[in-house]
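Whatever order the structure lists ligands and atoms in, that order sets their numbers, starting from 1.
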Amino acid sequence: MHLFRLLPLGLAAYVTAQALTDVLTQNSNTLSTLTSLLQTVPDIVQTLSTAQNVTILAPSNDAFARLMARNPRSTELTRNPRLLAGVLQYHVLQGKIAANEITAVPKFPATLLMSPFANVTGGQRVEVALVNNTALVFSGYKQPAMVVTADVAFSGGVVHIISEVLTVPASPAQTAINTGLTSLAGALTMAGLADGINGLSDVTIFAPSNDAFKAIGSATGSLSTQALAGILAYHVLGNQVRFSTDLIAAGSPVSLATAQGTNLTLRRENGQLFVNSARVLIPDIPTTNGVVHVIDNVLNPANASAQPNPTASVQAPAFSGVTAVADAPFTSGIAPTATFVPASVPLNAGISNTAPRAGFLLVAVGMMVAML
Ligand SMILES: *[C@@H]1O[C@H](CO)[C@@H](O)[C@H](O)[C@H]1NC(C)=O
Ligand SMILES: *[C@@H]1O[C@H](CO)[C@@H](O)[C@H](O)[C@H]1NC(C)=O
Ligand SMILES: *[C@@H]1O[C@H](CO)[C@@H](O)[C@H](O)[C@H]1NC(C)=O
Ligand SMILES: *[C@@H]1O[C@H](CO)[C@@H](O)[C@H](O)[C@H]1NC(C)=O
Ligand SMILES: *[C@@H]1O[C@H](CO)[C@@H](O)[C@H](O)[C@H]1NC(C)=O
C-alpha cells in the first residue's frame, strides 16, 4: 500500500511561501522532466507563478517516462507548445486541495483546461478520492494516478507529485470506442448522432455496455434510424454535468428531462445507483464535454416506468419480447484507436441491504465510487 510521503513539519513551514520555480528546483530528482517541458511554455509558467489558490498535480519523471513508453506519439508534447499547454492546464485545479481534503467521497474539482480543449462550463474536471489510504486522481477514460508526494506548499497553493501524466478527456464517441463501448459508438454513428453529441457542451450520458446491447440484440436490426436516434437521445441529459455525487445527492427517486424529451428516473437502492431499471456499472468517466456513466441496460423511452430489481445481478431488458444475440450489435467498422480500461468499482461492496440514513449513504457511496 502506498502512503503519502509527507514533508516534515519544519520543512513544510519553511517552504510555505516559496515560488513554484523553487519547488521545481528542490524536487529536481522527480520533477526535472516537467521543469524542462515548462521551459517551452513561458505563458503557463507566468500564469502559475502568479496564480493564487490552485493545486498543481505535477507528474513525476517516472510518469513522463511511462507515458512516452506507452504512447510514442506523446513525444509530440515536446514539439507542440499548444498541446503541451492544454495538457498542463488539465493538471492545475482551481482551488487549493490539501491531502487531508482528499476523502473517500470523491470530489470533482475544475481545472484550468477550457474551450477549445474542453466544453465543460467552469473548466474540465478531474476526480480526486481516497482509496485504501492512497489519494488517487482519475482523468480521461477514468485512468488513475497516485499522489506520491503530497502537500508541497508554494506561493499559489499546493503541489502534489503524481505517478502518471493525466489523460485529457476525449469526446463521448472516442471515449466509447476506446473503453469497449463499441456498440454504443456504432449506434451513435448509425443514427448520425456522434458528431452532434460530441459537439454539445455540458452533457451527462448514460452509456449502455456491449452486453446491454447484446441483450436486446433481436430488436436492433429492425430499428429505423429515427427510432434508434430517439432511444440514444433518451440516454443524454443536456446542459448538465452530473457526477455520481450529484446524482446521489439529488435524492431518490429523481426525474430528469432527457434530450429525447421523455424523462428518466434515477434511484438509489441498496447503495447502488439505477437509471430507470439500469444499474450504473462504472460512474464518472469524464469526456471533453461532460461525463459518461456506464450502465447495464439499454434505456427505453417507451418504458420510462421500468424499475430495477435491486437484488438481481442482471436486470431484465427494458424492451419487451427481445432475445439476446452473441455478437455485439452495431460494431461493424468500429475500430478503437487505443484501449483504456476505466477504473471500475464494485457498486454493492460493503453496503448494507437495508436503507441507510442519508448521511451514511453519501459517505458509503463515495467509498464505493472511490474503490478501484
Ligand atoms: C479558492 O478556489 C475555490 C475553487 O475555485 C473557491 O471555491 C474558493 O472560494 C477559493 N478560495 C479563496 C480563498 O479564494
Ligand atoms: C468545443 O466547442 C467548440 C465550439 O463549438 C468547438 O470548436 C470545439 O472543437 C469543442 N472542443 C472539443 C474538445 O470538442
Ligand atoms: C421531468 O424532469 C424535470 C426536471 O428535469 C422536472 O421539472 C419535470 O417535472 C419532470 N417531468 C415529469 C413528467 O416528471
Ligand atoms: C419494460 O421493462 C420491463 C423490465 O424492466 C419489461 O419486463 C417490460 O416488458 C418492458 N415493457 C415494455 C413495454 O417494453
Ligand atoms: C483496498 O483494500 C482492500 C482490503 O485490504 C482490498 O481488498 C482492495 O483490493 C484494495 N483496493 C485497492 C484499489 O487497492
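- Protein residues with any heavy atom under 4.0 Å from ligand 1: Asn53, Gln94, Gly95.
- Atoms of ligand 3 lying under 4.0 Å from any heavy atom of Ala257, numbered from 1 in the order shown and given with element: 2 (O), 5 (O).
- Contact annotation: Gly199 has no heavy atom less than 4.0 Å from any atom of ligand 2.
- The ligand atoms of ligand 2 that sit less than 4.0 angstrom from a heavy atom of Phe117 are 13 (C).
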Exercise for the section: Evaluate the salt bridge (charged side-chain N to carboxylate O under 4.0 Å, His left out) criterion for residues Glu127 and Lys142: first the C-alpha distance (whole Å), next the side-chain angles of each, then the deciding distance (0.1 Å), finally the verdict. Expected result: CA-CA 9 Å; Glu127 175 178 353; Lys142 200 153 186 168; 3.6 Å; yes
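- Counting atoms of ligand 2 from 1 in the listed order, those under 4.0 Å from a heavy atom of Thr288 are 13 (C).
- Hydrophobic clustering, defined by side-chain heavy atoms of Ile, Leu, Val, Met, Phe, Trp and Tyr closer than 4.5 Å, groups Ile334 together with Ile177.
- Here the rule is side-chain contact (heavy atoms from CB on, under 4.5 Å) with Val152, and of Leu20, Val158, Asn27 only Asn27 fits it.
- With sequence neighbours excluded, the residues satisfying side-chain hydrogen bond (donor to acceptor under 3.5 Å, both in side chains) with Thr182 are Asn210.
- Grouping Ile, Leu, Val, Met, Phe, Trp and Tyr residues whose side-chain heavy atoms lie under 4.5 Å apart, directly or via other members, leaves Val314 alone, with no other cluster members.
- Taking the centre of each ring, His293 and Phe206 come in below the 6.0 Å mark.
- Ring orientation note: the planes of Phe243 and Phe108 are close to parallel, at an angle under 30° on the 30°/60° scale.
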Practice task
Evaluate the criterion salt bridge (charged side-chain N to carboxylate O under 4.0 Å, His left out) for residue pair Glu164 and Arg66; output intermediate values, then yes/no.
Solution key: CA-CA 8 Å; Glu164 307 291 337; Arg66 264 197 294 278; 3.1 Å; yes
